[in-house]
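Report on one structure; see the data block that follows.
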2 protein chains.
Amino acid sequence: MKEKINNLTIKMLAGQLGLSVSTVSKAISDSHEISASTKQRVNDLVQKLNYVPNPYASSLRTRNSKTIGVVIPEVADSFFAQAINGIESVAQEKGYHVLIYLSHENFEKEKKILKDFESGRVDGVLISVAKETTQHCHIDALMDKAVPIIFFDRVMDEVTTAKIITNDCESARLATEYLIKKGCNRILFLSFSHTLSITCKRLAGYKKALLDNHLKYADNNILTFSNDAKKDYLLLQKKLKSASKDVGILASVEKLALPIYQACEDLQLSIPEDVQVISFSNSDSAAFLHPPLTTITQPAFEIGKTAASLLVKTLERKNFELPMEEIVIPSDLIIRKSTLP
Amino acid sequence: MKEKINNLTIKMLAGQLGLSVSTVSKAISDSHEISASTKQRVNDLVQKLNYVPNPYASSLRTRNSKTIGVVIPEVADSFFAQAINGIESVAQEKGYHVLIYLSHENFEKEKKILKDFESGRVDGVLISVAKETTQHCHIDALMDKAVPIIFFDRVMDEVTTAKIITNDCESARLATEYLIKKGCNRILFLSFSHTLSITCKRLAGYKKALLDNHLKYADNNILTFSNDAKKDYLLLQKKLKSASKDVGILASVEKLALPIYQACEDLQLSIPEDVQVISFSNSDSAAFLHPPLTTITQPAFEIGKTAASLLVKTLERKNFELPMEEIVIPSDLIIRKSTLP
DNA sequence: TTGAAAGCGCTAACAG
DNA sequence: CTGTTAGCGCTTTCAA
């Protein structure tokens, strides 16, 4: 293996220029203490020798890393992909670095990740919690170390910090009502967690719509998916088989949509004639499914961007107080052909 | 803002235990020089006080960061999402951290990102180059600083280093031949770059299939998309309109597939009767498009995982030589209904 | 406007 | 087996 090259240091620059280390340091950070001509000389040499400062030495000294930690359950979901885009857009603009971690919906992994953040590796954290996460000790521990942490999408109500979310309850209510108006008298709600903030709120919206429209709520219309794709699929099939006419489905997350299409195909049920479907989804291909899927589409990029902006603001300004409440960016109900005209 | 808490240091631990700093340091890293009983005492206190070492101090001293840099053009593409998953899986296992950067297909951004890597921020780099990237000065500069860099998917032939790719040429050849066998006598090749390794190789495979099957190659069957979605779409429509019967399309990247469906819908062309379609795609929803899309599906997770494993191996073992050639992991041609039976 | 010196928290010779 | 010491490369008083 190639030997690691002896990297350029400020000390070497100082040597070449006949200046002191501190002067060079100040010149590089464009301090007002330094004369224009010295800055010029320093910067010329920096350019010429292609000097790149060691960020870790700087971090050690200044106690900040210009790095934010992003913790998400998975990447292979359009929502999170777009949210990362939003986060990255502000990171790139503001000169921050993005460390990414996947919890894979697992609480222990999430804990381990946050534990590491107590080291000072990151200046702040953006998190969308795992499905399994019901406690917040790991988050509290981090906050105790004064590491700002902002939730996005999947939040914990019990923790007092900024939360960037969409109008989960209201958009689920709207979608459910839409299904009712289109003639569904039985509506299945597909979920994949009892505890996640987003599924609770979306379920609440679903319930509210039923109530508003004088339909009775029944537990057996709620399907909670496990992680066992096969088992989940069979459950869905069973429900669909036993359902009468005029059934609707509201899928509370993107990945639940495709199994519905699969099940309908296998059972020879046609969408939307036999079953109408609406799903939370940010996937581009929703419009090209057969039939095109009516979706609740979340402002994923915006959510990521807003969360990151807020975090960076908190980090930059000594006096900026992290707003402790929720910021809600509404979703869109996009009507396509999986619901009746 | 909350004041930053005075973090625990090895020095404080040493003080409490009546040991020297170096003993504690060695105990924590489980050095053989330290007695079991001392290790026990140290670890108990570490546990009790919840000590987390400062990674940047350690990095500064050891000159490595346990961090890898990942540079990709975008995240909102199933291939890259899955590749990140693969990368993260080995990072998590091996205790590495993943810094992620998006080039947005832009050469200047990519250059800036790699330039920063010269600082020692990362121990190694995994990159899939931007569409605009045709030079490799930025990569050479990094390699000169002995930072291992491995290409995945989109490589540069001119650079001598490890490259993890799929069998681009062969799978495109296979797909093209499949279209020919199914009766296409004119096949459009949709590309979005003249220069990218993957598009060149896929085009070569396409050409080879034509040659093997005594079809003549025509430049006007090659559609190169710009970034102007509207213009691209009109171009595609125009081509499709002017095409006779028995036309096939091979889309060389995932994001080109949906516009084809859109265009066929708008022009009232039916797939696969009027036009047969095959696309490179890793999207789950391919199977649920209307009609289900025949795809060349790349081993995205595997590619990411292999690239990351190789990088980590290079980093861990002083004597491990980065293999300088290509590792090819084949793609699958998954036949669905966008091609004739 | 510049420089000397101390030190961020950790590791690694080296000595004991 | 444990301790002393000298930095890693940078920033930051403080003094000149």
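Because the structure is predicted, anything quoted here is derived from the model rather than measured. Excluded from the calculations below are hydrogen atoms, water molecules and symmetry mates; all remaining heavy atoms, backbone and side chain alike, are included.
The aromatic rings of Phe79(B) and Phe152(B) lie parallel to each other, with less than 30° between the two planes, well short of the 60° mark.
An end-to-end axis angle of 40° holds for the helix from dT1(C)-dA16(D) to dG16(C)-dC1(D), taken from five base pairs per end and rounded to 10°.
In this structure, the CZ atom of Arg63(A) is 12 Å from the C1' atom of dT11(D), given to the nearest Å. With rounding to whole Å, Arg121(A) atom CZ is found 21 Å from dC8(C) atom P. If you take CD of Gln40(B) and P of dT2(D), they are 13 Å apart, rounded to a whole angstrom. Nucleotide dA15(D) holds its P atom 14 Å from the CD atom of Glu33(A), rounded to whole Å. In this structure, the NZ atom of Lys11(B) is 15 Å from the P atom of dG3(D), given to the nearest Å. Whole-Å rounding puts the Asn54(B) CG to dC10(D) P distance at 16 Å. In this structure, the CG atom of Asn64(A) is 16 Å from the P atom of dC8(C), given to the nearest Å. Ile28(B) has its CD1 atom 15 Å from the C1' atom of dT2(D), to the nearest Å.
One finds no side-chain N or O of Thr9(B) lying less than 4.0 angstrom from the OP1 or OP2 phosphate oxygen of dC8(C). OP1 and OP2 of dT11(C) both lie 4.0 Å or more from every side-chain N or O belonging to Tyr56(A). Side-chain N/O atoms of Ser58(B) include none lying less than 4.0 angstrom from OP1 or OP2 on dG9(C).
A donor-acceptor contact under 3.5 angstrom links the side chains of Asn50(A) and Lys115(B), judged on distance only. Counting only N and O atoms by type, the side chains of Tyr51(A) and Glu118(B) include no donor and acceptor under 3.5 Å apart. Neither side chain, Ser29(B) nor Ser31(B), offers a donor N or O lying under 3.5 Å from an acceptor on the other. Under the 3.5 Å distance criterion, with hydrogens and angles disregarded, no donor-acceptor pair is assigned to the side chains of Glu88(A) and Tyr96(A). Side-chain N/O atoms of Thr306(A) and Ser309(A) include no donor and acceptor closer than 3.5 Å.
Taking the side chain as every heavy atom from C-beta outward, Val155(A) and Ile165(A) approach each other to under 4.5 Å. Contact of the Asn7(B) side chain with the Asn54(B) side chain is not registered, since no non-hydrogen atoms from C-beta on lie closer than 4.5 Å.
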Listing time: all N or O pairs from protein to nucleotides 4-7 of chain D that are below 3.5 Å?
unit_1 : atom_1 : unit_2   : atom_2 : d
dT4(D) : O4     : Ser22(B) : OG     : 3.1
dG7(D) : N2     : Arg61(B) : NE     : 3.4
dG7(D) : N2     : Arg61(B) : NH1    : 3.2

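Across all strands shown, Gly18(B) has heavy atoms under 4.0 Å from sugar-phosphate atoms exclusively, and none from any base. Ser25(B) comes within 4.0 angstrom of a base, heavy atoms only. Residue contacts shown for Ser29(B) are absent, as no nucleic acid heavy atom lies under 4.0 Å away.
Residue Lys94(B) places its NZ atom among 12 or fewer non-hydrogen atoms of other residues, nucleotides or ligands, all under 6.0 Å distant.
With dC10(D), dG9(C), dC10(C) as the candidates, the nucleotide lying closest to the side chain of Ile10(B) is dC10(C). Nearest to the side chain of Ser35(B), among dT2(C), dC10(C), dT2(D), sits dT2(D).
Within the 6.0 Å centre-distance limit, the rings of Tyr101(A) and Phe117(A) are counted as a close aromatic pair.
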